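Take a look at the structure set out below.
All values reported here derive from a predicted model rather than from experimental measurement. First the proteins, then the strands, lettered A, B, ... as listed; each starts at 1.
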Protein chains: 2
Amino acid sequence: MTTLVQVAQLAGVTAATVSNVLRGRGKVGAQTRQRVLAAVETLGYRPNLMARALVEGKPSTIALIVSSIANPFYPEFALEVERAARKLGYFLLVCNTNDDPAQERAYLDAVGGSLAQGVIVMNADFVQIDALLALRRRGVPVVLCMWERPQAPPELPCVAVDFHQAGVLAAEHLIKLGHQRIGAIVGSEASGNHRWRYQGFRDTLAKAGIEFHDTQVRFGHDSIDDGRNAAHSLLAAVPDLSAVFVSNDLPAFGVLQAAADLGLEVPRDLSVTGITDIQLAHQLRPALTTVAVPTAEAAGLAVDMLMDLIAHPKGAVPPLKVTAAPRLVVRATTGRVGPL
Amino acid sequence: MTTLVQVAQLAGVTAATVSNVLRGRGKVGAQTRQRVLAAVETLGYRPNLMARALVEGKPSTIALIVSSIANPFYPEFALEVERAARKLGYFLLVCNTNDDPAQERAYLDAVGGSLAQGVIVMNADFVQIDALLALRRRGVPVVLCMWERPQAPPELPCVAVDFHQAGVLAAEHLIKLGHQRIGAIVGSEASGNHRWRYQGFRDTLAKAGIEFHDTQVRFGHDSIDDGRNAAHSLLAAVPDLSAVFVSNDLPAFGVLQAAADLGLEVPRDLSVTGITDIQLAHQLRPALTTVAVPTAEAAGLAVDMLMDLIAHPKGAVPPLKVTAAPRLVVRATTGRVGPL
DNA sequence: ATGAAAGCGCTAACAG
DNA sequence: CTGTTAGCGCTTTCAT
């Protein structure tokens, strides 16, 4: 590996000078600059970012902790974070915890405060708020992203999306289409992250005076397969549903498949809504009616907030940013309720 | 940030000793060990991996360069690489170039030789072999993964999958089902990465004495949308096709959609095959018949090779590893050719 | 069994 | 303008 000193020797100058021309700091004579640049070129020198980070006290990377890179939402989100980070000269370290708390801890330990200058943690069912608080106490800038309830933020810098509202929008849409017998499939445990989406749905039904029994809901995981299984279970138990509210896009695709399995035509026999609007929502057929969540905005806000935290380490009260409201996107999986 | 020295002071020992207990090196008295551990605990100390990397001359990270994290294949692959890397005590840096050569170069410069100890580059149309060679010349361990033609490897350490064979398998399957009028949709330019898959397909058709005209193929990108568009174009031009060979799973989904748009029932009216067997292949409906590629094996081999390269920097001839052969996975999108 | 000292590659003062 | 000095946080001989 080529080092600064080797370049300096070849150029007949000292390391400091090389550093200066490379960073554009200080004044360097045009002559020397040329020689240095030439030396850099012939030696194929590249600065050691670790050494630089060490002396500067901060690495040029930020970390993004995601629970499952296999869930297409996260890569999409990571893309946005990376875009924002690179614009500011940072590299993005994508850390996949695979829904394993131990692995999350390992990443937080490793990354927090040494491998990265700060970390953005994607909200997930198993996110260990206490671990994040500990990290924060150690002086590592941390922001929790995609918190679901702006009204009840954790004691942590946090960007939130009003997912309760997302649930409301989906429900209102279904109700407006005349649906009365609406099932629900929630992609988390009953006490999990998606509870607010579900709550928004339930609240809206209640307000509209529509009955809903606990037999009409299934809880599970955020995956296509779980959505399909849940839908089979739900539709077997409550066959006269005309619509199903799904708390996320991925399981919504599963519901669509279950409907097809049962010979139900969507949306004639069954309407289905998702939440998030991942790419697949418009790429698959039938295109999914869903409540779009401002992903790019959330990513941008998270990076901004992290930068603020880095610049002003001691904020008294943890900041909270809330994205624009979710937005209904009507596509091909919802329609007016048919004649009984 | 807590440092080694602070821990040492609190424990009433010297930095070297703390380092020793933490790394399990050297002999340390049970008493001191306890005090040190206690100090670490109360201070919440975490070693600075950058500093460690600097003195050890190598970081504990390896980098994976992917062209598009939005393409679900790459996250799936990244997962496997991460698994293999972590087992060896390495963190994985996922670098997304977004199909932008400039960004790839930026990542290679940054990551190669300082942020990461070595880099695995996923093969892609735009991969700049010369940039990789330059990196290698600078002494950075590099392995190119998912090379498509084992018979013609580049001058680079490389793990290859026989994608020509994948094309052969898909074609043989179709032919065995009686198909004679088979179209092709290729998810890369004619001279791009998928050319060998296509070649395998063409070779097999030729061997079987099945005619094929250039009107029966469309070249494009590796995406659902491109697959759909290509299929529309293809089926409009050559409506009597009974099957279409697609060079990757993602565009194959697009073809399925186009078939649905045209009222063609799969596989009764049209058989479709993909290549890779990404998760969506079995998660979507109809489940895709495809040629599975040993992704996990390739990931493991790539990591292994990288480790070898790290351990034995000066291999005379660049190593080449080839995965097990691809494997046909018959699902619901292929069937016997129907009566004309 | 523990401490002292040197140094990894780089940058940031401060001299000259 | 350029060189000198010091030191980032850690590991590693080599003494003690």
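The shortest distance between side-chain heavy atoms of A:Leu144 and A:Val127 falls below 4.5 Å.
Separating the CE atom of B:Met50 from the C1' atom of D:dG7 is a distance of 18 Å, rounded to the nearest angstrom. Remark: C1' of C:dT11 and CG of B:Leu54 are 12 Å apart, rounded to the nearest angstrom. Here the P atom of nucleotide C:dA1 and the CD atom of B:Gln31 are 12 Å apart, to the nearest Å. A:Leu49 places its CG atom 21 Å from the P atom of D:dC8, with the value rounded to the nearest Å. Between the C1' atom of C:dA15 and the NZ atom of A:Lys27 lies a distance of 18 Å, rounded to the nearest Å. Computed from coordinates, the A:Arg52 CZ to D:dG7 P distance equals 22 Å when rounded to whole Å. The interatomic distance linking A:Leu43 (CG) with C:dG9 (P) rounds to 13 Å, in whole Å. If you measure from atom CG of A:Leu4 to atom P of D:dT4, you get 15 Å, rounded to the nearest angstrom.
Annotation: cation-pi pair B:Arg86/A:Tyr107 present, NZ/CZ under 6.0 Å from the ring centroid and within 45° of its normal.
An OP1 or OP2 oxygen of D:dG3 is reached within less than 4.0 angstrom by a side-chain nitrogen or oxygen of A:Thr17. A close approach under 4.0 Å does occur between a side-chain nitrogen or oxygen of A:Arg25 and OP1 or OP2 of C:dA12. OP1 or OP2 of C:dT2 lies within a sub-4.0 Å distance of a side-chain N or O belonging to B:Thr32. Contact annotation: A:Arg23 side-chain N/O to C:dT11 OP1/OP2 distance is under 4.0 Å.
Distance CG/A:Leu115 to CD1/A:Ile62: 13.0 Å, rounded to 0.5 Å.
Mapping B:Glu56 and B:Ala16 onto DNA chain C by nearest heavy atom places B:Ala16 at the nucleotide closer to the 5' end. If you find the closest nucleotide of DNA chain C to B:Ala51 and to B:Arg33, the one lying nearer the 5' end belongs to B:Arg33.
The side chain of B:Pro47 sits closest to D:dC10 out of C:dA4, D:dC10, C:dG9. Considering only side-chain atoms of A:Ser19, the nucleotide from C:dT11, C:dG9, D:dT12 that sits closest is C:dT11.
A salt bridge is defined here as a Lys NZ or Arg NE, NH1 or NH2 lying under 4.0 Å from an Asp or Glu carboxylate O, and B:Glu76 with B:Arg83 fails to meet this definition.
Using a 4.0 Å heavy-atom criterion, one finds that A:Thr3 contacts the sugar-phosphate atoms exclusively. Within the nucleic acid shown, B:Gly29 comes within 4.0 Å of sugar-phosphate atoms alone, with no base atom in reach, counting heavy atoms only.
A:Glu82 and B:Asn96 form a side-chain donor-acceptor contact under 3.5 Å, judged by distance and modelled atom types alone.
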